[in-house]
Amino acid sequence: MRWEKNLILLAAAGVFFVLTSILAGRGLISRFVLLTMTQVCIYIILALGLNLITGFTGQLSIGHAGFMSIGAYGAGFIMKTFDVQAGPTLIFFIPFALIFGVLVAAAFGVLLGLPTLRLRGDYLAIATIGFGEIVRIVLLNTKALGGASGMPLKQFVGWGAAYWLMLLSVVLIYNFVNSSHGRACIAIRENEIAAETMGINTTKYKVMAFAIGAGLAGLAGGIYANHMYMIQPSTFNFLKSFEILVMVVLGGLGSITGCILGAIVMTVMNNALGIFPEIRMIIVSVLLVTMMIFRPNGLMGTTELRLPFRRGPFGTKGDMTNGG
Amino acid sequence: MNPRKNGILSLLLVLLCSVLVLAGCGTPAAPATPATPGGDAGSAGEPINVGLNLELTGSSAEFGLSGQNGMKLAFDKVNAEGGVLDGRLFNYISADNKSEAGEATSATTRLVGEDVIAILGPMTTAAVLGSIQIVTDNNVVLITPSGTNARLTVNEDGTVNPWIFRACFIDPFQGEVAANFAIDALGAETAAIAYDIVGDYSGGLAENFKRTFEAAGKTVVREEQFSAGDVDFRPIIENIKSAEPDVIFVPAYYTDDAHFVLQARDAGFTGPIMGGDGWGSGDMVGIAGADNMNNTYCVDFVYIDDPSLQDFVNEYQTAYGRAPDGFSVLGYETASMLIEAVKNAGSTEPEAVRSALENLGEFASISGVMTFDPETHNPAKNAVILEFVNGVREFKQIVAPK
């Protein structure tokens, strides 16, 4: 039963990919739409990571762009150091660069996760803002990484790789959240003291959540660096962290499908409204305010969007409380 | 709130979002001839699409908005005169890059998908760097009005970027002009430099100022750094003051520099302070105060009260109800370069326009003659030195390229 369901989902994902590739190849999907779709994938990966930290584990983090920039510069550094050119070596270098970015970002996630043992709520949020800014300022002053003018790169990662890596991240987060580790994280969010009383090693799970969330941000950064031609410290500023947080909150803290939806809505809206620069921010703010009035828990709350299977693909065992 | 009502509301919100999205994506998505991106052979009467990729919001919005007004003025003027190539009119499409490299990449990608023959802008160096690869891949020329970094048109290995052009002089020239002015006109023996480490622009000017200044046997007694957006310059001003320089060179953008000048005067520094073209826009005098701005000088592209510019100034004033600045002039000149190139090329074929731009040679523009070097795509043009006298920018001298 489970196998069939997973196969159907995988087939659907494959069909969607083949369809978009054919359409893009024939010029029916413009480059701009394809770029938007790739950016959606990047932001979904970012939102998934932050959702694990903030939505499922309940640790407010506003430094996600910091992890993203570490991944981006990590991957960019590898591509620059080995002077990677288009050719067969890409099969080796692209995964190497991306994994390097993920590992460095995850290591910083652990580093930042450790002080969270002592900090809670607002204090943690301030600490993470500080972290994000420190990363940005360090990059700004590191001449070897291009300093303020940034690092120009080639485009080696396209829509296809971004799409499959995004799906891989969704599967990873879905399985993590529905494992005993994930339930431990949710327990920490609901009541840390109670969770500890029940024998959950809260330190371990908080650090774990930070490491995975940061690793995913690093992956997104690596894709961004290899797709967008140019990375510079000012791209990964406080506002970027905030943008990712808005996606997660808009979609629903603690909902995987919710944060995916949030990432899609925010990214597509940002790009689509590019033609009305004067009123773009007004429309976005009005939408957010309306959202918070009528759906204070986000589009999805903590519930998941289900496909019409006998038992939904999301939340089968865990089946979280219905937030309606 | 009951669950059903909640559901309906969220459905409505999702609908609203998708409508907005469709409204945005739907219109430009379908290119007329996807096989030849960036240009069509074009029959008579068909409009010529030009993309304006500009800083309309964000930290450099003042530059982008001024540039956009200048460009629109040039296109409206030629359209009113009947267009080019037997009555084809220019149709400009604006895109906002939010003063950010990544957003400039998005904006360029969108414009390229709309069959533009050229992209004018971005105004700032980093945003241009984010666009170079896309326009090169798609054979669309890009003309930056004020991207002054030398790297934009000429790569590190000395090869020229075939599709990138500019309407302004480059950073090294500006630094040289400032240093020579400090030596010759101000009689400076010693100088201090304070520059912004965010972005290449300020550091590039500082470096070339220092090189020229020291090559003349003078000394730079103090170098200080700050970050764009800083408001407290007192510590670095104290350091500079204790070194007793004859002149301070602060080649950053107007907001930082205005605060710098204000605080330097408060700290008792009465000597001359100089800046680059970043002082040419915005309300320097409003922030720093007219008295404090006395004895300050800046290098700029144009002197807006130049008698030969008055036709432009009047047209601009009539169209927008405000006075133009240097960036409006550059925007106008950028658009004029493209118009001239299309006329010379006799078509809108990408390669024809590109080669026409490369071979513009001596082009008489509103601010003077620009001489284009096909090897570097850089124009040689006059720089002017302006002095602030009681809150008004006054013409000091013209510096011709060597």
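Every chain is numbered from 1, with letters handed out A, B, ... down the list of sequences. Bear in mind the structure is a predicted one, so any value in this text is a computation, not a measurement.
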Distance, nearest 0.5 Å, that separates OH of A:Tyr229 from OG1 of B:Thr109: 6.5 Å
Ring pair (Phe, Tyr, Trp, His ring centres under 6.0 Å) against A:Tyr224, all qualifying residues, sequence neighbours excluded: A:Phe236
Spatial distance of atom CD1 (B:Ile197) from atom CG (A:Asn141) [nearest 0.5 Å]: 4.0 Å
Contact part of B:Asn149 toward chain A, heavy-atom cut-off under 4.5 Å: side chain, backbone, both or neither? neither
Less than 4.5 Å apart, any side-chain heavy atom of B:Ser106 and any of A:Met228? yes
Report, as yes or no, whether the 6.0 Å neighbourhood of atom CZ on A:Phe242 holds more than 12 heavy atoms from other residues, nucleotides or ligands. no
Answer yes or no: is there a side-chain heavy-atom contact under 4.5 Å between B:Arg110 and A:Thr36? no
Answer yes or no: are there more than 12 heavy-atom neighbours, outside A:Phe77 itself, under 6.0 Å from its atom CZ? no
Does A:Lys240 have any side-chain hydrogen bond (donor to acceptor under 3.5 Å, both in side chains) partners at least two apart in sequence or in another chain, and if so, which? A:Tyr43
Look at B:Asn97, B:Asp96, B:Leu111 and state which one has the largest set of heavy-atom pairs under 4.5 Å with chain A. B:Asp96
Distance in Å, A:Leu35 CG paired with B:Thr105 OG1, rounded so as to fall on 0.5 Å steps: 8.0 Å
In terms of side-chain heavy atoms, does B:Glu103 have a donor or acceptor partner in A:Thr235 at a distance below 3.5 Å? no
Could you tell me which portion of B:Gln225 (side chain, backbone, both or neither) has an atom closer than 4.5 angstrom to a non-hydrogen atom of chain A? neither
Kindly give the heavy-atom pair with the smallest separation between B:Glu100 and A:Gln232, and that separation in Å. C-OE1, 4.4 Å
What part of A:Gln155 is in contact with chain B, defined as an atom under 4.5 angstrom from a non-hydrogen atom: side chain, backbone, both or neither? neither
Between B:Ala101 and A:Met230, which heavy-atom pair has the shortest distance, and what is it? CB-CG, 3.7 Å
Taking the side chain as every heavy atom from C-beta outward, state whether B:Asn138 and A:Arg31 have any pair of such atoms under 4.5 Å apart. yes
Selection from B:Thr57, B:Asp137, B:Ile134 maximising heavy-atom pairs under 4.5 Å formed with chain A: B:Ile134
